[in-house]
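Working notes, beginning with the structure itself.
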Amino acid sequence: MWLVWLCEVSVRQVCAGDKHEDITATMWMYIAALVVLYYVVRWYRELERVPDRGSKYVYITGCDSGFGNLLARHLDKCGFCVVAACFTEKGEEELKKSCSNRLSTVHLDVTKTESVDKAVAFIKNLVGQKGLWAVVNNAGVSVPAGCCDWLTVQDYKSMMEVNLDGVIRVTLSVLPLIKKARGRVVNVASVFGRISATGGPYCVSKYAVEAFTDSLRRCLHPFGVKVLCIEPGFFKTNVTDTNLIISCVKKLWERLPKETKEDYGDDYISKVEKVMKEKFSKMPDSDLMKVVSCMEHAVSAVHTRTRYSPGWDAKFFWLPLSYAPTWFSDYLLLKDIVKPAKSVI
């Protein structure tokens with residue numbers, strides 16, 4: 001009898017186990033369906049664009065080349081009235097030749113208050129009582145770049161003057177016009193505003209842009225103004241120009257004191273140059289439209305995102321790494337670095 005009873009118990013347990021597995025499988029199916037539904041609804045919702053583009057003005061900095069130049073051309077084709085700020089006359093002339101008469105250009109040095117004020121006066125005459133629909137703070141630099149102990153406070157200041165102070169200076173100058181139009185501020189930061197993968201002031205400046213963007217978004221929310229952030233991964237622009245960065249590193253090396261050079265070793269620069277040319281030069285994505293499409297969405301969509309992270313490397317490597325434990329991110333970022341001659345690890 002006890003054998004019969006044991007068999008019955010075993011059968012019940014098997015059935016219960018099968019039932020539990022069925023419930024688990026069904027639950028995961030529902031979760032997967034909800035995730036798919038969420039992304040489909042979000043995609044459909046984000047398709048809607050603002051009306052009357054022809055009456056909306058967009059002010060873009062850093063339009064000589066790269067993202068800013070492409071965005072100015074793209075928004076012009078989309079029907080917006082674009083004010084493209086360039087640092088050089090050549091940049092202005094090339095944009096005027098290739099775009100419609102809706103596009104205006106203005107000279108801008110984001111480090112100079114007088115230059116920013118002149119640009120704002122020009123914009124006020126253009127927009128009148130309509131206000132400014134959007135400002136895209138795109139201007140930025142990537143040098144000086146090097147080890148932290150190679151740099152001076154002035155090196156940090158020179159980059160912060162462009163990458164942070166320039167963003168703040170331009171934004172504050174047009175805020176009354178933005179508020180009038182209930183428009184938006186689009187700040188171009190970087191995925192390196194989420195994780196410090198390199199030494200020097202670049203990551204510092206981009207972290208600061210992220211902080212400024214967050215605080216500004218909350219301050220302007222009551223006025224119906226949207227503040228958005230673009231966090232690109234590696235893309236092929238002047239900011240990621242390998243030759244420019246190597247040249248900067250060499251200049252920094254030449255001015256180092258003998259003691260610091262001995263810490264790193266005479267062959268350190270040649271090793272860094274080799275890594276830059278063999279590995280870093282292959283990393284940047286040449287499809288700049290991935291970034292420009294995010295910028296365009298931030299400017300023209302009715303339902304925007306708070307942050308955009310264009311680039312597969314940003315989405316699937318840098319951002320996940322920024323959420324990882326510090327010991328893990330440090331391990332990944334340090335395991336292949338060029339070690340100084342007097343390294344103790």
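Throughout, numbering of the chain's residues begins at 1 and tracks the sequence.
Residues L332 and F317 meet the side-chain proximity criterion, which asks for heavy atoms closer than 4.5 Å. Side-chain atoms of V185 and V174, non-hydrogen and from C-beta on, never get closer than 4.5 Å to each other. Residues K56 and K130 are not in side-chain contact: their nearest non-hydrogen atoms beyond the backbone lie 4.5 Å or more apart. M295 places none of its side-chain heavy atoms less than 4.5 Å from the side chain of Y308. A heavy-atom distance below 4.5 Å is not found between the side chains of R184 and I178. Using a 4.5 Å heavy-atom cutoff, the side chains of I123 and Y57 are not in contact. Between M276 and V249 the shortest side-chain heavy-atom distance does not fall below 4.5 Å. Under the 4.5 Å side-chain criterion, counting only non-hydrogen atoms from C-beta, F122 is not in contact with L108.
From E89, atom CD reaches atom NE2 of H107 across 8.5 Å, with rounding to the nearest 0.5 Å. Of the inter-residue distances, the one linking E46 atom CD with Y39 atom OH reads 10.5 Å to the nearest 0.5 angstrom. For the atom pair CG of L132 and OG of S173, the computed distance is 9.0 Å after rounding to the nearest 0.5 Å. The OG atom of S104 sits 11.0 Å away from the CG atom of L95 when rounded to the nearest 0.5 Å. A distance of 6.5 Å separates NZ of K236 from OG of S286, quoted to the nearest 0.5 Å. Within the model, atoms CG of L70 and CG of L75 stand 10.5 Å from one another, a figure rounded to the nearest 0.5 Å.
No more than 12 heavy atoms of other residues, nucleotides or ligands shown are found within 6.0 angstrom of NE2 on H221. Counting heavy atoms of neighbouring residues, nucleotides and ligands inside a 6.0 Å radius, atom NZ of K290 exceeds 12 of them. Within a 6.0 Å radius of CZ in R42, other residues, nucleotides and ligands contribute more than 12 heavy atoms. Heavy atoms of other residues, nucleotides or ligands lying less than 6.0 angstrom from NZ of K315 number more than 12. Heavy atoms from other residues, nucleotides or ligands lying under 6.0 Å from CE of M29 number 12 at most.
Of the residues N138, V136, V135, the one that meets the side chain to side chain contact (heavy atoms under 4.5 Å, CB included) test with V170 is V135.
Minimum heavy-atom separation, L228 to T213: O-CG2, 4.0 Å. The two residues P232 and F67 come nearest to each other via the heavy atoms CG-CE1, 4.4 Å. When every heavy atom of F235 is checked against every heavy atom of P310, the shortest pair comes out as CE1-O, 3.5 Å. Here the shortest heavy-atom pairing between L103 and A84 reads CD1-CB, 4.4 Å. Residues D64 and G91 approach most closely at OD2-CA, 3.8 Å, considering heavy atoms. Across all non-hydrogen atoms, the minimal contact from S196 to L333 is O-CD1, 4.1 Å.
Residues T171 and N137 have side chains that bring a donor and an acceptor to within less than 3.5 angstrom of each other. D263 and T260 share no side-chain donor-acceptor pair at under 3.5 Å. S300 and R53 form no side-chain donor-acceptor contact under 3.5 Å, judged by distance and modelled atom types alone.
Residues F87 and V167 do not share a hydrophobic cluster, clusters being chains of Ile/Leu/Val/Met/Phe/Trp/Tyr side chains in contact below 4.5 Å. One hydrophobic cluster holds both V275 and L252 under the rule that ILVMFWY side chains link at heavy-atom gaps under 4.5 Å. When the side chains of ILVMFWY residues are joined at heavy-atom separations under 4.5 Å, either directly or via intervening members, L288 and I60 end up in a single hydrophobic cluster.
Between the side chain of N163 and the backbone N or O of V141 there is at least one donor-acceptor pair closer than 3.5 Å. Side-chain atoms of K180 never come within 3.5 Å of backbone atoms of Q129 as a donor-acceptor pair (strictly under, hydrogens ignored). T61 places a side-chain N or O within 3.5 Å of a backbone atom of A139 that can act as its donor or acceptor partner. Without hydrogens or angle criteria, S247 side chain to L244 main chain gives no donor-acceptor distance under 3.5 Å. Checking side-chain atoms of S158 against main-chain N and O of D155 turns up a donor-acceptor pair under 3.5 Å. The backbone N or O of D52 sits less than 3.5 Å from a side-chain atom of S55, completing a donor-acceptor pair. Under the 3.5 Å distance criterion, the side-chain polar atoms of T304 are left unmatched by any main-chain donor or acceptor of A301.
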Mind running side chain to side chain contact (heavy atoms under 4.5 Å, CB included) on C147 and W253 for me, showing each step along the way? CA-CA 10 Å; C147 302; W253 177 262; over 6 Å; no
Given the rule in the side chain to side chain contact (heavy atoms under 4.5 Å, CB included) test, do R194 and Y323 qualify, once you have shown the distances and angles that lead to the verdict? CA-CA 9 Å; R194 304 285 288 273; Y323 292 108; 2.6 Å; yes
Are R169 and E161 close enough, and set up right, to give a salt bridge (charged side-chain N to carboxylate O under 4.0 Å, His left out), and what steps lead you there? CA-CA 10 Å; R169 189 176 287 114; E161 185 67 23; 3.0 Å; yes
Go through L220 and L175 one step at a time and tell me if the side chain to side chain contact (heavy atoms under 4.5 Å, CB included) criterion holds. CA-CA 9 Å; L220 296 184; L175 272 190; 3.6 Å; yes
Step-by-step side chain to side chain contact (heavy atoms under 4.5 Å, CB included) determination, V116 to T113: CA-CA 5 Å; V116 172; T113 301; 5.6 Å; no
Step by step, work out the salt bridge (charged side-chain N to carboxylate O under 4.0 Å, His left out) result for R307 and D214. CA-CA 10 Å; R307 282 182 166 82; D214 285 344; 2.9 Å; yes
Quick one, K277 with E273, criterion salt bridge (charged side-chain N to carboxylate O under 4.0 Å, His left out). Give me CA distance, side-chain angles, the key distance, then yes/no. CA-CA 6 Å; K277 288 181 176 178; E273 186 173 359; 3.1 Å; yes
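Aromatic ring centroids of F234 and F192 lie under 6.0 Å apart. In this structure, F80 has its ring center no closer than 6.0 Å to that of W133.
Electrostatic pairing of R49 and E296 counts as a salt bridge here, judged by a charged N lying under 4.0 Å from a carboxylate O. Ion pair K97/E93 not flagged as a salt bridge, since none of the NZ, NE, NH1 or NH2 atoms sits closer than 4.0 Å to an Asp/Glu carboxylate oxygen.
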